[in-house]
2 protein chains.
Amino acid sequence: MTPRRARGAPQDDARPLTEPVEDYLKAIYAIEQSGEAAGTSDLATRLEIAPASVSGMVRRLADQGLVSYERYRGVRLTDAGRRAALRTIRRHRVIESYLAKALGYAWDRVHAEAERLEHAASDELVDRMAEAIGEPLTDPHGDPIPTRDGVIDETRHQRLSDLAAGQRSRVKRVSDDDGELLRYLAQIGIRPGVMVTVAERAPFDGPLSLRIGKVTVQVGPVLASRVMVELLPD
Amino acid sequence: MTPRRARGAPQDDARPLTEPVEDYLKAIYAIEQSGEAAGTSDLATRLEIAPASVSGMVRRLADQGLVSYERYRGVRLTDAGRRAALRTIRRHRVIESYLAKALGYAWDRVHAEAERLEHAASDELVDRMAEAIGEPLTDPHGDPIPTRDGVIDETRHQRLSDLAAGQRSRVKRVSDDDGELLRYLAQIGIRPGVMVTVAERAPFDGPLSLRIGKVTVQVGPVLASRVMVELLPD
DNA sequence: AACCCGATTTAGTTTATCCTAAACCGGTCC
DNA sequence: GGACCGGTTTAGGATAAACTAAATCGGGTT
(Lines give C-alpha, C1' and ligand atoms only; values in the text may rest on other atoms or scores of the structure.)
Protein backbone atom coordinates (compact mmCIF):
# COMPACT_ATOMS: atom_id res chain seq x y z
CA MET A 1 0.00 0.00 0.00
CA THR A 2 1.93 2.98 -1.22
CA PRO A 3 0.88 6.63 -1.55
CA ARG A 4 -1.98 7.59 -3.72
CA ARG A 5 -1.75 11.20 -4.63
CA ALA A 6 -3.35 11.81 -7.95
CA ARG A 7 -6.53 12.87 -9.66
CA GLY A 8 -7.79 15.74 -7.64
CA ALA A 9 -4.77 16.47 -5.52
CA PRO A 10 -3.42 20.02 -5.82
CA GLN A 11 -0.43 19.40 -8.05
CA ASP A 12 2.97 20.33 -6.76
CA ASP A 13 5.83 18.98 -8.83
CA ALA A 14 6.74 16.90 -11.84
CA ARG A 15 4.67 13.77 -11.78
CA PRO A 16 4.97 10.92 -14.27
CA LEU A 17 2.85 10.81 -17.36
CA THR A 18 -0.69 9.63 -16.93
CA GLU A 19 -2.06 6.66 -18.76
CA PRO A 20 -4.13 8.70 -21.21
CA VAL A 21 -1.14 10.90 -21.97
CA GLU A 22 0.97 7.89 -22.79
CA ASP A 23 -1.75 6.58 -25.05
CA TYR A 24 -2.02 9.86 -26.92
CA LEU A 25 1.71 9.99 -27.44
CA LYS A 26 1.78 6.46 -28.80
CA ALA A 27 -1.07 7.25 -31.15
CA ILE A 28 0.55 10.44 -32.38
CA TYR A 29 3.79 8.58 -32.95
CA ALA A 30 1.99 5.91 -34.93
CA ILE A 31 0.26 8.45 -37.13
CA GLU A 32 3.45 10.38 -37.74
CA GLN A 33 5.08 7.15 -38.82
CA SER A 34 2.74 6.60 -41.68
CA GLY A 35 2.03 10.13 -42.79
CA GLU A 36 2.52 13.65 -41.61
CA ALA A 37 1.15 15.64 -38.69
CA ALA A 38 -1.57 13.94 -36.70
CA GLY A 39 -4.99 15.49 -37.16
CA THR A 40 -7.54 15.70 -34.41
CA SER A 41 -9.88 13.22 -35.96
CA ASP A 42 -7.20 10.69 -36.85
CA LEU A 43 -6.34 10.68 -33.19
CA ALA A 44 -9.95 10.54 -32.15
CA THR A 45 -10.52 7.51 -34.34
CA ARG A 46 -7.44 5.69 -33.20
CA LEU A 47 -8.09 6.34 -29.52
CA GLU A 48 -11.83 5.77 -29.81
CA ILE A 49 -12.52 9.12 -28.26
CA ALA A 50 -14.73 12.01 -29.36
CA PRO A 51 -12.84 14.57 -31.50
CA ALA A 52 -13.80 17.34 -29.14
CA SER A 53 -12.05 15.53 -26.30
CA VAL A 54 -8.90 15.31 -28.33
CA SER A 55 -8.72 19.07 -28.81
CA GLY A 56 -8.69 19.57 -25.09
CA MET A 57 -6.11 16.92 -24.37
CA VAL A 58 -3.85 18.06 -27.14
CA ARG A 59 -3.71 21.50 -25.65
CA ARG A 60 -2.67 19.99 -22.34
CA LEU A 61 0.03 17.95 -24.07
CA ALA A 62 1.33 21.13 -25.65
CA ASP A 63 1.37 22.83 -22.24
CA GLN A 64 3.53 19.99 -20.98
CA GLY A 65 5.88 20.44 -23.90
CA LEU A 66 5.21 17.01 -25.35
CA VAL A 67 3.78 18.15 -28.67
CA SER A 68 3.73 21.28 -30.74
CA TYR A 69 0.27 22.28 -31.68
CA GLU A 70 -1.33 24.89 -33.90
CA ARG A 71 -5.06 25.11 -33.84
CA TYR A 72 -6.58 23.53 -36.94
CA ARG A 73 -3.18 22.28 -38.00
CA GLY A 74 -2.66 19.07 -36.11
CA VAL A 75 -0.01 18.02 -33.62
CA ARG A 76 3.56 16.94 -33.94
CA LEU A 77 5.70 15.32 -31.24
CA THR A 78 8.46 17.38 -29.73
CA ASP A 79 11.71 15.62 -28.92
CA ALA A 80 10.57 15.15 -25.36
CA GLY A 81 7.26 13.79 -26.62
CA ARG A 82 8.94 11.39 -29.00
CA ARG A 83 11.24 10.13 -26.27
CA ALA A 84 8.28 9.54 -23.99
CA ALA A 85 6.38 7.77 -26.76
CA LEU A 86 9.31 5.50 -27.50
CA ARG A 87 9.68 4.64 -23.85
CA THR A 88 6.07 3.52 -23.74
CA ILE A 89 6.40 1.67 -27.02
CA ARG A 90 9.45 -0.14 -25.73
CA ARG A 91 7.54 -1.20 -22.65
CA HIS A 92 4.64 -2.39 -24.73
CA ARG A 93 6.71 -4.41 -27.16
CA VAL A 94 9.02 -5.95 -24.61
CA ILE A 95 6.01 -6.99 -22.59
CA GLU A 96 4.36 -8.50 -25.63
CA SER A 97 7.50 -10.45 -26.42
CA TYR A 98 7.87 -11.61 -22.86
CA LEU A 99 4.29 -12.78 -22.59
CA ALA A 100 4.67 -14.77 -25.77
CA LYS A 101 8.09 -16.25 -25.11
CA ALA A 102 8.16 -16.71 -21.36
CA LEU A 103 4.53 -17.28 -20.50
CA GLY A 104 3.18 -19.01 -23.55
CA TYR A 105 0.67 -16.39 -24.61
CA ALA A 106 -0.79 -16.76 -28.09
CA TRP A 107 0.24 -13.86 -30.32
CA ASP A 108 -3.28 -12.60 -30.66
CA ARG A 109 -3.61 -12.14 -26.89
CA VAL A 110 -0.44 -10.29 -26.04
CA HIS A 111 -1.52 -6.92 -27.32
CA ALA A 112 -4.44 -6.41 -25.00
CA GLU A 113 -2.50 -7.47 -21.93
CA ALA A 114 0.50 -5.32 -22.83
CA GLU A 115 -1.79 -2.39 -23.42
CA ARG A 116 -2.58 -2.32 -19.72
CA LEU A 117 0.75 -3.38 -18.30
CA GLU A 118 2.80 -0.87 -20.28
CA HIS A 119 1.56 1.91 -18.03
CA ALA A 120 2.38 0.12 -14.80
CA ALA A 121 5.64 -1.65 -15.51
CA SER A 122 8.84 0.05 -14.39
CA ASP A 123 11.83 0.36 -16.65
CA GLU A 124 13.63 -2.06 -14.39
CA LEU A 125 10.98 -4.70 -14.93
CA VAL A 126 10.97 -4.17 -18.66
CA ASP A 127 14.74 -4.44 -18.82
CA ARG A 128 14.68 -7.64 -16.81
CA MET A 129 12.02 -9.10 -19.08
CA ALA A 130 14.01 -8.18 -22.16
CA GLU A 131 17.10 -9.77 -20.69
CA ALA A 132 15.23 -12.91 -19.69
CA ILE A 133 14.19 -13.60 -23.27
CA GLY A 134 17.46 -12.61 -24.88
CA GLU A 135 16.97 -8.93 -25.76
CA PRO A 136 14.62 -9.40 -28.69
CA LEU A 137 14.78 -6.87 -31.52
CA THR A 138 11.15 -7.12 -32.51
CA ASP A 139 7.90 -8.04 -30.84
CA PRO A 140 5.82 -11.07 -31.86
CA HIS A 141 4.20 -9.11 -34.69
CA GLY A 142 7.52 -7.99 -36.08
CA ASP A 143 7.44 -4.43 -34.81
CA PRO A 144 10.88 -3.15 -33.83
CA ILE A 145 11.60 -2.66 -30.13
CA PRO A 146 13.23 0.66 -29.23
CA THR A 147 16.43 0.34 -27.21
CA ARG A 148 16.68 1.65 -23.68
CA ASP A 149 18.08 4.86 -25.14
CA GLY A 150 15.16 5.35 -27.44
CA VAL A 151 16.71 4.21 -30.70
CA ILE A 152 14.28 2.50 -33.01
CA ASP A 153 14.56 0.98 -36.45
CA GLU A 154 12.23 3.10 -38.54
CA THR A 155 12.62 1.19 -41.78
CA ARG A 156 9.50 1.60 -43.85
CA HIS A 157 8.16 -1.53 -45.40
CA GLN A 158 5.68 -1.92 -48.14
CA ARG A 159 2.25 -3.35 -47.84
CA LEU A 160 1.72 -6.80 -49.21
CA SER A 161 -1.25 -5.28 -51.00
CA ASP A 162 1.11 -3.09 -53.02
CA LEU A 163 3.02 -5.92 -54.63
CA ALA A 164 2.45 -6.88 -58.25
CA ALA A 165 1.70 -10.39 -59.38
CA GLY A 166 4.78 -12.56 -59.39
CA GLN A 167 6.72 -10.67 -56.73
CA ARG A 168 8.35 -12.54 -53.87
CA SER A 169 8.61 -11.04 -50.43
CA ARG A 170 9.39 -11.76 -46.84
CA VAL A 171 6.92 -10.78 -44.14
CA LYS A 172 8.39 -8.21 -41.76
CA ARG A 173 5.46 -7.29 -39.59
CA VAL A 174 1.71 -7.54 -39.28
CA SER A 175 -0.62 -5.12 -37.57
CA ASP A 176 -0.96 -6.09 -33.96
CA ASP A 177 -4.23 -4.71 -32.73
CA ASP A 178 -6.78 -7.05 -34.26
CA GLY A 179 -7.00 -10.42 -32.58
CA GLU A 180 -9.26 -11.94 -35.23
CA LEU A 181 -6.90 -10.93 -37.98
CA LEU A 182 -3.94 -12.36 -36.09
CA ARG A 183 -5.67 -15.66 -35.53
CA TYR A 184 -6.46 -15.91 -39.23
CA LEU A 185 -2.94 -14.97 -40.26
CA ALA A 186 -1.53 -17.60 -37.95
CA GLN A 187 -3.87 -20.12 -39.47
CA ILE A 188 -2.74 -19.48 -43.03
CA GLY A 189 0.88 -19.35 -41.93
CA ILE A 190 1.62 -15.65 -42.28
CA ARG A 191 3.99 -14.38 -39.61
CA PRO A 192 7.19 -12.37 -39.56
CA GLY A 193 9.98 -14.11 -41.43
CA VAL A 194 7.77 -16.15 -43.71
CA MET A 195 8.15 -15.93 -47.48
CA VAL A 196 5.11 -14.93 -49.48
CA THR A 197 4.74 -14.73 -53.26
CA VAL A 198 1.90 -12.97 -55.00
CA ALA A 199 0.68 -15.58 -57.46
CA GLU A 200 -1.92 -13.37 -59.08
CA ARG A 201 -4.02 -10.42 -58.26
CA ALA A 202 -7.33 -9.23 -59.53
CA PRO A 203 -7.56 -5.63 -60.77
CA PHE A 204 -9.41 -2.84 -58.94
CA ASP A 205 -8.31 -3.85 -55.47
CA GLY A 206 -9.63 -7.31 -55.90
CA PRO A 207 -8.41 -10.33 -53.92
CA LEU A 208 -4.84 -11.61 -54.16
CA SER A 209 -3.60 -15.17 -54.53
CA LEU A 210 -0.69 -15.77 -52.24
CA ARG A 211 1.75 -18.65 -52.23
CA ILE A 212 2.95 -19.39 -48.71
CA GLY A 213 5.27 -22.35 -48.72
CA LYS A 214 3.43 -25.00 -50.69
CA VAL A 215 -0.07 -23.68 -50.27
CA THR A 216 -1.96 -20.97 -52.10
CA VAL A 217 -4.48 -18.74 -50.34
CA GLN A 218 -6.87 -16.06 -51.47
CA VAL A 219 -6.94 -12.93 -49.35
CA GLY A 220 -8.76 -9.65 -49.69
CA PRO A 221 -6.92 -6.35 -50.13
CA VAL A 222 -7.80 -5.15 -46.66
CA LEU A 223 -6.05 -8.07 -45.05
CA ALA A 224 -3.13 -7.76 -47.45
CA SER A 225 -2.70 -4.12 -46.51
CA ARG A 226 -2.16 -5.13 -42.90
CA VAL A 227 0.87 -7.23 -43.77
CA MET A 228 4.14 -5.37 -44.27
CA VAL A 229 6.78 -7.05 -46.36
CA GLU A 230 10.24 -6.65 -47.77
CA LEU A 231 10.53 -7.23 -51.47
CA LEU A 232 12.95 -9.98 -52.38
CA PRO A 233 15.10 -9.89 -55.50
CA ASP A 234 13.92 -12.13 -58.22
CA MET B 1 -4.40 1.09 -28.69
CA THR B 2 -7.64 0.02 -27.13
CA PRO B 3 -10.63 2.09 -25.97
CA ARG B 4 -10.26 4.62 -23.28
CA ARG B 5 -13.57 5.31 -21.66
CA ALA B 6 -13.06 6.43 -18.15
CA ARG B 7 -12.85 9.37 -15.79
CA GLY B 8 -15.41 11.74 -17.11
CA ALA B 9 -17.29 9.54 -19.47
CA PRO B 10 -21.00 9.27 -18.72
CA GLN B 11 -21.11 5.86 -17.12
CA ASP B 12 -23.33 3.27 -18.69
CA ASP B 13 -22.81 -0.19 -17.26
CA ALA B 14 -20.86 -2.22 -14.77
CA ARG B 15 -17.21 -1.33 -15.10
CA PRO B 16 -14.36 -2.98 -13.24
CA LEU B 17 -13.11 -1.61 -9.97
CA THR B 18 -10.87 1.42 -10.14
CA GLU B 19 -7.38 1.43 -8.78
CA PRO B 20 -8.20 3.51 -5.71
CA VAL B 21 -11.13 1.26 -4.93
CA GLU B 22 -8.92 -1.81 -5.04
CA ASP B 23 -6.45 -0.10 -2.76
CA TYR B 24 -9.12 0.81 -0.25
CA LEU B 25 -10.44 -2.73 -0.20
CA LYS B 26 -6.97 -4.14 0.39
CA ALA B 27 -6.38 -1.68 3.19
CA ILE B 28 -9.70 -2.44 4.83
CA TYR B 29 -8.99 -6.15 4.58
CA ALA B 30 -5.60 -5.67 6.19
CA ILE B 31 -7.04 -3.69 9.07
CA GLU B 32 -9.82 -6.17 9.64
CA GLN B 33 -7.21 -8.92 9.81
CA SER B 34 -5.43 -7.42 12.75
CA GLY B 35 -8.30 -5.94 14.69
CA GLU B 36 -11.91 -5.00 14.21
CA ALA B 37 -13.75 -2.61 11.94
CA ALA B 38 -11.56 -0.21 10.00
CA GLY B 39 -11.76 3.37 11.23
CA THR B 40 -11.52 6.33 8.96
CA SER B 41 -8.17 7.46 10.22
CA ASP B 42 -6.61 3.99 10.22
CA LEU B 43 -7.46 3.90 6.56
CA ALA B 44 -6.26 7.42 6.00
CA THR B 45 -2.91 6.61 7.56
CA ARG B 46 -2.45 3.39 5.68
CA LEU B 47 -3.41 4.91 2.34
CA GLU B 48 -1.57 8.16 3.00
CA ILE B 49 -4.69 10.13 2.28
CA ALA B 50 -6.48 12.86 4.22
CA PRO B 51 -9.13 11.47 6.58
CA ALA B 52 -11.76 13.66 4.98
CA SER B 53 -11.12 12.02 1.64
CA VAL B 54 -11.67 8.62 3.16
CA SER B 55 -15.13 9.54 4.39
CA GLY B 56 -16.20 10.34 0.88
CA MET B 57 -14.71 7.27 -0.70
CA VAL B 58 -16.09 4.99 1.94
CA ARG B 59 -19.58 6.22 1.19
CA ARG B 60 -19.06 5.37 -2.47
CA LEU B 61 -17.78 1.92 -1.58
CA ALA B 62 -20.92 1.40 0.45
CA ASP B 63 -23.06 2.52 -2.50
CA GLN B 64 -21.35 -0.11 -4.59
CA GLY B 65 -22.09 -2.74 -1.99
CA LEU B 66 -18.46 -3.43 -1.22
CA VAL B 67 -18.52 -2.37 2.42
CA SER B 68 -21.07 -1.75 5.10
CA TYR B 69 -20.70 1.61 6.68
CA GLU B 70 -22.19 3.48 9.57
CA ARG B 71 -21.08 7.03 10.09
CA TYR B 72 -18.68 7.36 12.99
CA ARG B 73 -18.53 3.58 13.25
CA GLY B 74 -16.04 2.51 10.64
CA VAL B 75 -16.35 0.17 7.68
CA ARG B 76 -16.51 -3.56 7.29
CA LEU B 77 -16.15 -5.52 4.08
CA THR B 78 -19.22 -7.18 2.67
CA ASP B 79 -18.82 -10.60 1.10
CA ALA B 80 -18.52 -8.99 -2.31
CA GLY B 81 -15.96 -6.57 -0.96
CA ARG B 82 -13.93 -9.31 0.64
CA ARG B 83 -13.95 -11.33 -2.54
CA ALA B 84 -12.73 -8.33 -4.49
CA ALA B 85 -10.05 -7.61 -1.92
CA LEU B 86 -8.82 -11.19 -2.05
CA ARG B 87 -8.67 -11.10 -5.81
CA THR B 88 -6.43 -8.07 -5.66
CA ILE B 89 -4.34 -9.57 -2.91
CA ARG B 90 -3.88 -12.74 -4.91
CA ARG B 91 -2.70 -10.70 -7.86
CA HIS B 92 -0.32 -8.76 -5.69
CA ARG B 93 1.22 -11.75 -4.02
CA VAL B 94 1.50 -13.90 -7.10
CA ILE B 95 3.20 -11.04 -8.89
CA GLU B 96 5.59 -10.54 -5.99
CA SER B 97 6.45 -14.21 -6.03
CA TYR B 98 6.92 -14.24 -9.76
CA LEU B 99 9.17 -11.20 -9.79
CA ALA B 100 11.34 -12.79 -7.13
CA LYS B 101 11.47 -16.30 -8.53
CA ALA B 102 11.34 -15.80 -12.27
CA LEU B 103 12.97 -12.43 -12.72
CA GLY B 104 15.48 -12.30 -9.91
CA TYR B 105 14.04 -9.35 -8.04
CA ALA B 106 15.37 -8.75 -4.55
CA TRP B 107 12.64 -9.24 -1.96
CA ASP B 108 12.71 -5.62 -0.91
CA ARG B 109 11.85 -4.46 -4.44
CA VAL B 110 8.94 -6.70 -5.32
CA HIS B 111 6.34 -4.89 -3.26
CA ALA B 112 6.52 -1.55 -5.04
CA GLU B 113 6.42 -3.11 -8.47
CA ALA B 114 3.54 -5.42 -7.57
CA GLU B 115 1.66 -2.51 -6.12
CA ARG B 116 1.32 -1.03 -9.58
CA LEU B 117 1.00 -4.20 -11.61
CA GLU B 118 -1.74 -5.70 -9.49
CA HIS B 119 -4.24 -3.28 -10.96
CA ALA B 120 -3.29 -3.95 -14.55
CA ALA B 121 -2.65 -7.67 -14.66
CA SER B 122 -5.46 -9.91 -15.85
CA ASP B 123 -6.44 -13.03 -14.01
CA GLU B 124 -5.12 -15.03 -16.93
CA LEU B 125 -1.70 -13.48 -16.54
CA VAL B 126 -1.67 -14.02 -12.82
CA ASP B 127 -2.66 -17.64 -13.24
CA ARG B 128 0.06 -18.19 -15.80
CA MET B 129 2.62 -16.61 -13.52
CA ALA B 130 1.52 -18.76 -10.61
CA GLU B 131 1.76 -21.85 -12.77
CA ALA B 132 5.18 -20.90 -14.11
CA ILE B 133 6.67 -20.82 -10.63
CA GLY B 134 4.89 -23.86 -9.30
CA GLU B 135 1.78 -22.45 -7.65
CA PRO B 136 3.41 -20.94 -4.58
CA LEU B 137 1.42 -20.86 -1.35
CA THR B 138 3.01 -17.74 0.03
CA ASP B 139 4.75 -14.67 -1.33
CA PRO B 140 8.41 -13.87 -0.65
CA HIS B 141 7.53 -12.29 2.70
CA GLY B 142 5.57 -15.31 3.82
CA ASP B 143 2.10 -13.88 3.29
CA PRO B 144 -0.38 -16.53 2.13
CA ILE B 145 -1.61 -16.33 -1.45
CA PRO B 146 -5.38 -16.67 -1.85
CA THR B 147 -6.45 -19.35 -4.31
CA ARG B 148 -8.28 -18.52 -7.51
CA ASP B 149 -11.51 -19.10 -5.63
CA GLY B 150 -10.64 -16.67 -2.90
CA VAL B 151 -9.64 -19.10 -0.20
CA ILE B 152 -6.89 -17.81 2.05
CA ASP B 153 -5.07 -19.17 5.03
CA GLU B 154 -5.95 -16.77 7.81
CA THR B 155 -3.84 -18.30 10.52
CA ARG B 156 -2.82 -15.67 13.03
CA HIS B 157 0.78 -15.71 14.09
CA GLN B 158 2.40 -14.06 17.01
CA ARG B 159 4.85 -11.24 16.89
CA LEU B 160 8.43 -12.08 17.58
CA SER B 161 8.30 -9.19 20.02
CA ASP B 162 5.78 -11.09 22.12
CA LEU B 163 8.02 -14.04 22.85
CA ALA B 164 9.65 -14.49 26.20
CA ALA B 165 13.36 -15.09 26.70
CA GLY B 166 14.30 -18.64 25.83
CA GLN B 167 11.49 -19.37 23.43
CA ARG B 168 12.25 -20.91 20.06
CA SER B 169 10.23 -20.03 16.99
CA ARG B 170 10.08 -20.30 13.24
CA VAL B 171 9.61 -17.16 11.16
CA LYS B 172 6.36 -17.29 9.20
CA ARG B 173 6.15 -13.84 7.64
CA VAL B 174 7.60 -10.37 7.81
CA SER B 175 5.88 -7.12 6.93
CA ASP B 176 6.36 -6.41 3.29
CA ASP B 177 6.02 -2.72 2.83
CA ASP B 178 9.27 -1.35 4.17
CA GLY B 179 12.24 -1.86 1.89
CA GLU B 180 14.79 -0.73 4.45
CA LEU B 181 13.48 -3.15 7.01
CA LEU B 182 13.54 -5.99 4.50
CA ARG B 183 17.12 -5.29 3.52
CA TYR B 184 18.14 -5.33 7.13
CA LEU B 185 16.24 -8.52 7.87
CA ALA B 186 17.87 -10.18 4.90
CA GLN B 187 21.22 -9.09 6.16
CA ILE B 188 20.77 -10.62 9.58
CA GLY B 189 19.27 -13.75 8.09
CA ILE B 190 15.64 -13.37 9.06
CA ARG B 191 13.26 -14.67 6.41
CA PRO B 192 10.30 -17.03 6.38
CA GLY B 193 11.25 -20.53 7.44
CA VAL B 194 14.23 -19.54 9.53
CA MET B 195 14.48 -20.54 13.19
CA VAL B 196 14.87 -17.79 15.74
CA THR B 197 15.40 -18.11 19.46
CA VAL B 198 15.00 -15.27 21.90
CA ALA B 199 18.22 -15.39 23.91
CA GLU B 200 17.29 -12.62 26.28
CA ARG B 201 15.13 -9.58 26.37
CA ALA B 202 15.36 -6.36 28.27
CA PRO B 203 12.30 -5.27 30.26
CA PHE B 204 10.07 -2.36 29.30
CA ASP B 205 10.07 -3.02 25.58
CA GLY B 206 13.81 -2.95 25.46
CA PRO B 207 15.89 -4.64 22.78
CA LEU B 208 15.91 -8.41 22.27
CA SER B 209 18.83 -10.72 21.73
CA LEU B 210 18.06 -13.19 19.00
CA ARG B 211 19.89 -16.34 18.07
CA ILE B 212 19.63 -17.02 14.37
CA GLY B 213 21.62 -20.07 13.46
CA LYS B 214 24.98 -19.56 15.06
CA VAL B 215 24.87 -15.82 15.37
CA THR B 216 23.29 -13.57 17.96
CA VAL B 217 21.81 -10.21 17.05
CA GLN B 218 20.30 -7.36 19.02
CA VAL B 219 17.10 -5.95 17.62
CA GLY B 220 14.71 -3.28 18.81
CA PRO B 221 11.10 -4.06 19.71
CA VAL B 222 9.76 -2.20 16.70
CA LEU B 223 11.63 -4.43 14.32
CA ALA B 224 10.69 -7.49 16.31
CA SER B 225 7.03 -6.59 16.10
CA ARG B 226 7.23 -6.72 12.33
CA VAL B 227 8.29 -10.36 12.34
CA MET B 228 5.54 -12.93 12.76
CA VAL B 229 6.53 -16.30 14.11
CA GLU B 230 5.19 -19.67 15.07
CA LEU B 231 6.19 -20.82 18.52
CA LEU B 232 8.09 -24.11 18.53
CA PRO B 233 7.73 -26.67 21.30
CA ASP B 234 10.65 -26.79 23.61
C1' DA C 1 -16.64 37.09 -53.91
C1' DA C 2 -20.27 34.56 -51.43
C1' DC C 3 -21.34 30.02 -49.85
C1' DC C 4 -21.09 25.51 -47.98
C1' DC C 5 -19.37 21.52 -45.72
C1' DG C 6 -16.65 18.82 -43.13
C1' DA C 7 -13.09 19.15 -39.74
C1' DT C 8 -12.02 21.62 -35.37
C1' DT C 9 -12.54 24.11 -31.53
C1' DT C 10 -15.12 26.15 -27.63
C1' DA C 11 -18.63 26.01 -24.09
C1' DG C 12 -20.69 23.85 -20.59
C1' DT C 13 -21.30 19.18 -17.96
C1' DT C 14 -20.07 14.90 -15.70
C1' DT C 15 -17.39 11.68 -12.85
C1' DA C 16 -13.96 10.09 -9.75
C1' DT C 17 -10.71 11.41 -6.33
C1' DC C 18 -8.34 14.27 -3.69
C1' DC C 19 -7.67 18.54 -0.61
C1' DT C 20 -8.41 22.14 3.21
C1' DA C 21 -11.22 24.27 6.54
C1' DA C 22 -15.02 24.20 9.34
C1' DA C 23 -18.74 21.91 11.73
C1' DC C 24 -19.95 17.84 14.56
C1' DC C 25 -20.18 13.70 17.70
C1' DG C 26 -19.11 10.71 21.34
C1' DG C 27 -17.04 9.75 25.18
C1' DT C 28 -13.77 11.26 29.16
C1' DC C 29 -12.71 14.68 33.06
C1' DC C 30 -13.96 17.44 36.79
C1' DG D 1 -23.95 17.39 33.67
C1' DG D 2 -21.19 20.61 31.06
C1' DA D 3 -16.63 21.34 28.85
C1' DC D 4 -13.16 19.52 26.03
C1' DC D 5 -10.81 16.75 22.64
C1' DG D 6 -9.72 13.85 19.13
C1' DG D 7 -11.65 11.44 15.43
C1' DT D 8 -15.27 12.12 11.72
C1' DT D 9 -17.99 14.13 8.63
C1' DT D 10 -19.72 17.94 5.73
C1' DA D 11 -18.85 21.91 2.70
C1' DG D 12 -16.67 23.78 -0.95
C1' DG D 13 -12.76 23.52 -4.32
C1' DA D 14 -9.42 21.60 -7.58
C1' DT D 15 -7.87 18.35 -11.44
C1' DA D 16 -7.83 15.28 -15.23
C1' DA D 17 -10.19 13.53 -18.82
C1' DA D 18 -14.53 12.42 -21.18
C1' DC D 19 -18.96 13.85 -23.33
C1' DT D 20 -22.60 16.59 -26.17
C1' DA D 21 -24.02 20.50 -28.56
C1' DA D 22 -23.04 24.68 -30.61
C1' DA D 23 -19.90 27.89 -32.76
C1' DT D 24 -16.09 28.52 -36.11
C1' DC D 25 -12.53 27.95 -39.61
C1' DG D 26 -10.52 26.84 -44.05
C1' DG D 27 -10.66 25.43 -48.48
C1' DG D 28 -13.12 24.24 -52.60
C1' DT D 29 -17.53 25.73 -55.56
C1' DT D 30 -20.09 28.47 -58.30
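Each chain gets a letter, A, B and so on, in the order its sequence line appears, and its residues count up from 1. The basis for the numbers below is simple: all heavy atoms, side chains too, and nothing from hydrogens, waters or symmetry mates.
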(Q) Would B:Arg59 pass as a cation-pi partner of B:Tyr69, given that its NZ or CZ must be under 6.0 Å from the six-membered ring centre and within 45 degrees of the axis? (A) no

Q | Nucleotide D:dA17, atom P - distance to CG of A:Leu43 in whole Å | A | 15 Å

Q.
Any donor-acceptor pair under 3.5 Å linking the side-chain atoms of A:Glu118 with those of A:Thr88?
A. no

Q: Please report, rounded to the nearest Å, how far the P atom of C:dA11 is from the CZ atom of A:Arg59.
A: 10 Å

Q. Taking it one step at a time, do A:His111 and A:His92 satisfy side-chain hydrogen bond (donor to acceptor under 3.5 Å, both in side chains)?
A. CA-CA 8 Å; A:His111 181 74; A:His92 180 96; 3.2 Å; yes

Q | DNA chain D: 5'-proximal contact among A:Arg71 and A:Arg60 (nearest heavy atom) | A | A:Arg60

Q) Which one, D:dT9, D:dC19, D:dA17, comes nearest to the side chain of A:Val21? A) D:dA17

Q) Please give, in whole Å, the distance from C:dC19 C1' to B:Leu47 CG? A) 15 Å

Q. Are side-chain heavy atoms of B:Glu96 and B:Leu99 found at a separation under 4.5 Å?
A. no

Q.
Whether B:Tyr69 contacts D:dT8 is assessed here as follows: a side-chain N or O lying under 4.0 Å from the phosphate OP1 or OP2. Is that the case?
A. no

Q.
For D:dT9 and B:Ser55 - does any side-chain N or O of the residue sit under 4.0 Å from the phosphate oxygens OP1/OP2?
A. yes

Q: Please determine if a side-chain N or O atom of B:Arg73 lies less than 4.0 Å away from the OP1 or OP2 oxygen of D:dT8.
A: no

Q. Which of these passes salt bridge (Lys or Arg N to Asp or Glu O under 4.0 Å) with B:Glu32: B:Lys26, B:Arg76, B:Arg82?
A. B:Arg82

Q.
Can you identify which nucleotide, out of C:dT9, C:dA21, D:dC19, has its nearest atom closest to the B:Ala52 side chain?
A. C:dA21

**Q.** A:Leu61 CG - D:dA16 P separation (whole Å)
**A.** 12 Å

Q | Any A:Arg148 side-chain heavy atom under 4.5 Å of A:Val126 side chain | A | no

Q) Starting at CD1 of A:Ile49 and ending at P of C:dT8, how long is that distance when rounded to a whole Å? A) 15 Å

Q: Determine the sole option in B:Arg116, B:Arg91, B:Arg87, B:Arg90 for which the salt bridge (Lys or Arg N to Asp or Glu O under 4.0 Å) test with B:Glu22 is passed.
A: B:Arg91

Q: Rounded to the nearest angstrom, tell me the gap between atom CD in B:Glu19 and atom P in C:dT17.
A: 10 Å

Q | Side-chain heavy atoms of B:Asp23 within contact of B:Leu47, under 4.5 Å | A | yes

(Q) Starting the side chain at C-beta, find the nucleotide from C:dA21, C:dC18, C:dT9 nearest to B:Met57. (A) C:dC18

Q: With salt bridge (Lys or Arg N to Asp or Glu O under 4.0 Å) as the test, would you mind laying out the steps for A:Arg109 and A:Glu113 before giving the verdict?
A: CA-CA 7 Å; A:Arg109 312 285 293 287; A:Glu113 189 83 46; over 6 Å; no

Q) Whole Å only: how far is the CG atom of B:Leu17 from the P atom of C:dA16? A) 13 Å

Detail all sub-3.5 Å separations between protein N/O atoms and N/O atoms belonging to nucleotides 4-7 of chain D.
none

(Q) Could you work out how much the helix from C:dA1-D:dT30 to C:dC30-D:dG1 bends, comparing the axis of its first five pairs with that of its last five, to 10°? (A) 30°

Q: Could you state the atom-to-atom distance from CD of B:Glu48 to P of C:dC19 in whole Å?
A: 11 Å

Q: Would you mind telling me which of D:dT10, D:dA18, C:dT17 lies closest to the side-chain atoms of A:Tyr24?
A: D:dA18

Q) Under the salt bridge (Lys or Arg N to Asp or Glu O under 4.0 Å) criterion, do B:Asp177 and B:Arg226 qualify, and how do the steps go? A) CA-CA 10 Å; B:Asp177 53 6; B:Arg226 310 279 231 122; 3.6 Å; yes

